[in-house]
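The shown structure was predicted, so the numbers you read here are calculated from the model rather than taken from an experiment.
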Amino acid sequence: MPPTLEPEEHKALRSAVAALGKRHGRTYDRQTLWSEAAKLGYLGVNLPETYGGGGGGIAELSIVLEELGAAGCPLLMMVVSPAICGTVIARFGTEAQKQHWLPALADGTRTMAFGITEPDAGSNSHRITTTARRDPDTGDWLLTGRKVFISGVDIADATLIVGRTEDARTGNLKPCLFIVPRDAEGFTRRQIDMELDAAEKQFELTLDDVRLPADALVGDEDAGLLQLFAGLNPERIMTAAFAIGMGRYALARAVAYARERTVWKAPIGAHQAIAHPLAQAHIDLELARLMMQKAAHLYDAGDDVGAGEAANMAKYAAGEACVKAVDQAVHTLGGNGLTREFGLASLITAARVSRIAPVSREMILNYVSHQTLGLPKSY
């Protein structure tokens, strides 16, 4: 079935997750919701059935996150733990890594964070300086470096760290992925003081000669970029789901308010100055969801190149639609849009995240102009 039309099982999944989200709502407890979503099989819906997952794909996982977001209770770590880390381990991990991590990621008993961004690298992943070298005596890996803006490290059992190893033939550094346990010696974290109101905290990480066994490396040492982007495409798709869910939540609150709030003779929603921007926000969110569904469809079908383009476009469209929907929702409520009672003001900051992370809209425009349109690079 084409990605523009949802099969019945996807509609049923949406309905079931929406009911779960409605029970928890905006005042949800993250751990309680995480555990319940895991018990119902939603956290591992994209992971292989052989390892306790649902046997679905990113298409199903994105539905779960979108619907929880639309209910006001998005689980940010879904973007990281099952989508990035679970996908990478399922595709490239050793049998032992799969046995150890996938069932636990699926049932929620273990969580994994993802560390790629660095203080001095930013959008340029080629400047990543976290390096891994082998101890010639033991075969262990030694990791040294820093990471920044890493979500949920305090609640994660391990972090999948993007480091670089030296190519023996060329001497060039190439990306590799390592599983670093939370309590590893030399692995320290500092919480970043954010104005963002989110259940998951952000951290700066320091790796000071962190010693890891040889089997901490995920996948083939020579296939780093392939493995890395196998995780980054789902991350973009899931960020789109996160943004669409948030935009839908804000829009629903605004529509309910516009139906009932009467200042003169008719509800304010009868006025086109109120109604039309809300209608535009709805259209933009629906269009972004179509691109997200296309990206998920391509990724689950094994088309990594096609999924890369669509995932970037979906993330761009969803981020823009989310910011506009939240802004219009707050504006519709006027002063009430800034009160804690209505719970929309905190989304102004949260919505910006979908424009900034995990890749900025400018870098997506670079990608599309270079890769899709064939225009020359400026850098």
Side-chain angles (χ1 to χ4, degrees), residues 14 17-30 33 65-76 78-79 151 193-202 238-289 292 314-357 360-361:
R14 270 192 194 281
V17 177
L20 171 65
K22 191 174 180 182
R23 288 203 304 277
H24 287 264
R26 189 83 174 103
T27 56
Y28 71 108
D29 176 75
R30 197 207 75 86
L33 177 55
L65 183 56
E66 182 194 337
E67 290 304 323
L68 289 177
C73 49
L75 292 170
L76 176 62
M78 281 186 67
V79 178
S151 305
D193 191 16
M194 305 286 288
E195 293 211 351
L196 179 67
D197 182 21
E200 296 82 4
K201 307 307 177 194
Q202 300 291 312
M238 290 293 285
T239 302
F242 189 87
I244 292 163
M246 188 190 304
R248 283 178 53 199
Y249 174 80
L251 184 62
R253 297 301 300 265
V255 168
Y257 187 88
R259 281 199 193 108
E260 296 174 9
R261 171 76 166 158
T262 303
V263 180
W264 282 280
K265 292 180 181 178
I268 61 171
H271 303 299
Q272 291 175 350
I274 299 291
H276 284 186
L278 294 177
Q280 286 175 319
H282 175 70
I283 290 168
D284 288 344
L285 288 166
E286 287 292 307
L287 290 172
R289 184 204 275 151
M292 179 187 75
K315 188 269 176 188
Y316 178 94
E320 297 303 297
C322 176
V323 168
K324 290 175 186 173
V326 168
D327 183 69
Q328 195 57 44
V330 171
H331 199 65
T332 300
L333 271 68
N336 282 330
L338 300 176
T339 63
R340 286 198 187 277
E341 177 189 354
F342 285 92
L344 288 177
S346 61
L347 298 185
I348 296 172
T349 311
R352 294 294 310 186
V353 174
S354 59
R355 268 184 172 171
I356 297 166
S360 71
R361 57 183 174 171

Undergrad: Kindly compute the distance separating CG (Leu76) from NZ (Lys201), expressed to the nearest 0.5 Å.
TA: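 Those atoms lie 11.5 Å apart.
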Undergrad: Could you tell me which non-hydrogen atom of Tyr28 sits nearest to which non-hydrogen atom of Pro74, and how far apart they are?
TA: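 Closest pair (atom of Tyr28, atom of Pro74, distance): OH-O, 3.0 Å.
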Undergrad: Partners of Glu200 by salt bridge (charged side-chain N to carboxylate O under 4.0 Å, His left out), sequence neighbours excluded?
TA: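 So Glu200 forms no salt bridge (charged side-chain N to carboxylate O under 4.0 Å, His left out) with any residue.
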Undergrad: Quick one, Leu20 and Leu33 - any side-chain contact, counting heavy atoms below 4.5 Å?
TA: yes
Undergrad: Tell me, which pairs form a salt bridge (charged side-chain N to carboxylate O under 4.0 Å, His left out) where one or both residues lie in residues 239-248, sequence neighbours left out?
TA: Glu66-Arg248, Glu67-Arg248
Undergrad: Which atom names give the shortest non-hydrogen contact between Ala71 and Gly21, and what distance separates them?
TA: CB-C, 3.4 Å
Undergrad: If you count heavy atoms of other groups shown closer than 6.0 angstrom to NE2 of His282, is the number above 12?
TA: no
Undergrad: What closest approach, in Å, do Ser151 and Gln202 show between heavy atoms, and which atom pair accounts for it?
TA: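 Distance-wise, the nearest heavy atoms are OG-NE2, 2.9 Å.
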Undergrad: Got a sec, which pairs hit side chain to side chain donor-acceptor pair (under 3.5 Å) with one end in residues 320-330, sequence neighbours left out?
TA: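 Pairs touching residues 320-330 that pass the test: Glu320-Arg355, Glu320-Arg361.
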Undergrad: CD1/Ile244 to CZ/Arg289 distance, rounded to the nearest 0.5 angstrom?
TA: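 Between atom CD1 of Ile244 and atom CZ of Arg289 there are 7.0 Å.
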Undergrad: Please tell me if the side chains of Met78 and Leu68 come closer than 4.5 Å, counting only heavy atoms from C-beta onward.
TA: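 Yes, close enough: below the 4.5 Å cut-off.
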Undergrad: Can you list the residues that meet the side-chain contact (heavy atoms from CB on, under 4.5 Å) rule with Thr239, with sequence neighbours excluded?
TA: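 Listed in chain order: Val79, Glu235, Lys315, Pro358.
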Undergrad: With sequence neighbours excluded, tell me which residues meet side chain to side chain donor-acceptor pair (under 3.5 Å) with Thr339.
TA: none
Undergrad: Check side chain to side chain donor-acceptor pair (under 3.5 Å) between Arg253 and all other residues, then give those that pass, not counting sequence neighbours.
TA: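 Residues passing side chain to side chain donor-acceptor pair (under 3.5 Å) with Arg253: Tyr249.
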Undergrad: Please enumerate all residues that pass side-chain contact (heavy atoms from CB on, under 4.5 Å) together with Ala329, with sequence neighbours excluded.
TA: Ala250, Ala254, Leu344
Undergrad: Measure the CE-CG distance between Met246 and Leu251 for me, rounded to the nearest 0.5 Å.
TA: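 Taking CE in Met246 and CG in Leu251, the distance rounds to 14.0 Å.
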Undergrad: Mind checking what makes side chain to side chain donor-acceptor pair (under 3.5 Å) contact with Arg30, not counting sequence neighbours?
TA: none
Undergrad: Ignoring hydrogens and angles, write down the donor-acceptor pairs under 3.5 Å from the side chains of residues 259-273, residues two or more places apart or on other chains.
TA:
{"from": "Arg261", "atom 1": "NE", "to": "Tyr257", "atom 2": "OH", "distance (Å)": "3.3"}
{"from": "Thr262", "atom 1": "OG1", "to": "Glu260", "atom 2": "O", "distance (Å)": "3.4"}

Undergrad: Looking at residues at least two apart in the chain, or sitting in another chain, which of them share a side-chain contact (heavy atoms from CB on, under 4.5 Å) with Leu196?
TA: Met194, Ala198, Thr349, Ala350, Val353
Undergrad: Once side-chain contact (heavy atoms from CB on, under 4.5 Å) is applied, do any residues pair with Ala243, and if so which ones, sequence neighbours excluded?
TA: Ala318, Cys322, Ser354
Undergrad: For Tyr316, which residues count as a side chain to side chain donor-acceptor pair (under 3.5 Å) partner, sequence neighbours excluded?
TA: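 Counting only residues at least two positions away or on another chain, Tyr316 forms no side chain to side chain donor-acceptor pair (under 3.5 Å).
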Undergrad: Do you know which two heavy atoms are closest between Ala351 and Val323, and how far apart they sit?
TA: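 Ala351 and Val323 have their closest heavy atoms at O-CG2, 3.5 Å.
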